[in-house]
Every structure is written in structure tokens, then in C-alpha cells.
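In what follows, a structure is listed as C-alpha cells, so that the remarks can point back to it.
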Amino acid sequence: MNKNEFEQFLHNQIPVTKAMEFSVKEFTPSKVEISAKLEPNKNHQSTAFGGSISCLMTVAGWALTFANIKEADPNAHIVISKSNIRYLKPIKKDFTAECTLTNEDDKINFIKMYNKNHKGKLFVKVYCYEDGILAAEFEGQYVALNDN
């Protein structure tokens, strides 16, 4: 699935991402980058709403998990089991979330655990930027499962 196909899939599966104007810039098993426009995501201070930042970062982590599990099982369900966000500065323009999987052992262990138990966990970090400046950090644990 290329980035354009994934963006369509994302908007169909999680409709709020279309309303929030999320745009997939990169979609690979090693990196996901998704951007959001400020206008549909701004708060009463004309900065990005914290919930929108959280949603963008949560979706980026979910997308990276999806990119890594889809080959092992395209029918796997992915849920977030826990997360933590640090907001570092107000966001006044369009913003982007980036999530990378740089440790190949993490992917191998995730797939191995999934294949053995029909359930695997993946821990990711997501960084949110405005004009290349770090604005928020996210850590999350995602669970892929198939209860069939």
C-alpha cells in the first residue's frame, strides 16, 4: 500500500482524520509522516488544539504499527493500550507528526510475538513538529491482535 492508498484507507477507517485534514506524507514500515492543517484543528487561542495534536500523534503511531503488521496478517486489529504526551510549545501553523522504527529487533520481536500468540505489542515514539521545530513528544504502546 503506497502513501496515497493508505491516506484513503485512513480517511475511510477513521473518518475524523479527513475532517481534521490529515495528509499522509510518508508511509513505510520504517517511517510514517502525517501532517495536519491548523485551521480545522485550532482552539480558542488560534493555536493547535491539544486533542488534535494528540490525535495526529496517535494516528501516526497506529499507522507505523499497521505498516509493520499488515504483511504478517492484513486482518489484524490494532489498538492503543497506553500513551504519554508532552506538549513543548504552542503550535501556530500547520504541523507534522513523524514516527520511525529504527530498531529492527523491535519489529522482529513484535512479529514473532504476534505469530506465536495472535497478539503483539509495539512501543513507538512520535514527534510533532511545526516548521521543523519540536512541539510535542508522544510515547505509545500499540497492540495488534487477531481473536479469530
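When a residue number appears, it is its place in the shown sequence, counting from 1.
Atoms CD1 and CE, from I14 and M20 in turn, are 11.0 Å apart once rounded to the nearest 0.5 Å. Going from atom CG of N109 over to atom CE of M113 covers 7.0 Å, rounded to the nearest 0.5 Å. Interatomic distance, I34 CD1 to C128 SG, rounded to the nearest 0.5 Å: 11.0 Å. Going from atom CD of E98 over to atom OG1 of T96 covers 7.0 Å, rounded to the nearest 0.5 Å. Distance check: D73 CG to H77 NE2 gives 8.5 Å after rounding to the nearest 0.5 Å. Atom CG in D105 sits 8.5 Å away from atom NZ in K112 (nearest 0.5 Å).
Of all heavy-atom pairs spanning P29 and N68, the tightest one is O-ND2, 2.9 Å. When all heavy atoms are compared, the tightest approach of A60 to A97 is CB-CB, 4.0 Å.
For the pair Q141 and I80, the minimum side-chain heavy-atom distance is 4.5 Å or more. Using a 4.5 Å cut-off on side-chain heavy atoms (C-beta onward), Y87 and S54 make contact. Here the side chains of V59 and F22 are in contact, with some heavy-atom distance below 4.5 Å. In this structure, the side chains of Y142 and V79 stay at 4.5 Å or more apart for every pair of heavy atoms. Proximity of E130 to K89: side-chain heavy atoms (C-beta onward) are separated by under 4.5 Å at one or more points. No side-chain heavy atom of D131 sits less than 4.5 Å from a side-chain heavy atom of F95. In this structure, the side chains of F27 and K25 stay at 4.5 Å or more apart for every pair of heavy atoms. Counting heavy atoms from C-beta on, the side chains of S81 and K121 never come closer than 4.5 Å.
L101 pairs in a side chain to side chain contact (heavy atoms under 4.5 Å, CB included) with only one of the listed residues (L64, V32, T65, T28), which is L64.
When the side chains of ILVMFWY residues are joined at heavy-atom separations under 4.5 Å, either directly or via intervening members, V143 and V124 end up in two distinct hydrophobic clusters. Y114 and F123 are assigned to two separate hydrophobic clusters, defined by single-linkage of ILVMFWY side chains at heavy-atom distances under 4.5 Å. A single hydrophobic cluster is seen to contain both I85 and L122, as judged by linkage of ILVMFWY side chains at heavy-atom distances under 4.5 Å, directly or through other members.
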side-chain contact (heavy atoms from CB on, under 4.5 Å) assessment of F9 paired with M1: CA-CA 9 Å; F9 174 80; M1 182 178 293; 4.3 Å; yes
Salt bridge (charged side-chain N to carboxylate O under 4.0 Å, His left out) assessment of E21 paired with K18: CA-CA 5 Å; E21 297 185 26; K18 185 173 185 175; over 6 Å; no
Steps toward side-chain contact (heavy atoms from CB on, under 4.5 Å) verdict (E139, S83): CA-CA 5 Å; E139 295 178 338; S83 67; over 6 Å; no
Check against side-chain contact (heavy atoms from CB on, under 4.5 Å), T47 and I91: CA-CA 5 Å; T47 60; I91 295 175; 5.6 Å; no
Stepwise side-chain contact (heavy atoms from CB on, under 4.5 Å) test for I53 and M57: CA-CA 6 Å; I53 298 166; M57 296 175 85; 3.8 Å; yes
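Within the 3.5 Å criterion, the main-chain N or O of A76 finds no donor-acceptor partner in the side chain of N146. Remark: side-chain polar atoms of E5 are paired, donor with acceptor, to backbone N or O of N2 under 3.5 angstrom.
Annotation for K37: atom NZ does not count as buried by contact number, only 12 or fewer foreign heavy atoms lying within 6.0 Å. A 6.0 Å sphere centred on NZ of K92 holds no more than 12 heavy atoms belonging to other residues, nucleotides or ligands.
Other residues sharing the hydrophobic cluster of Y129, ordered by chain and number and joined by side-chain separations under 4.5 Å: L88, Y127, L134.
The salt bridge (Lys or Arg N to Asp or Glu O under 4.0 Å) test applied to E33 returns K31, not counting sequence neighbours. The ring-ring contact (aromatic ring centres under 6.0 Å, His included) check on F110 picks up nothing, with sequence neighbours excluded.
Taking the six-membered ring for Trp, F6 and F66 have ring centres closer than 6.0 Å.
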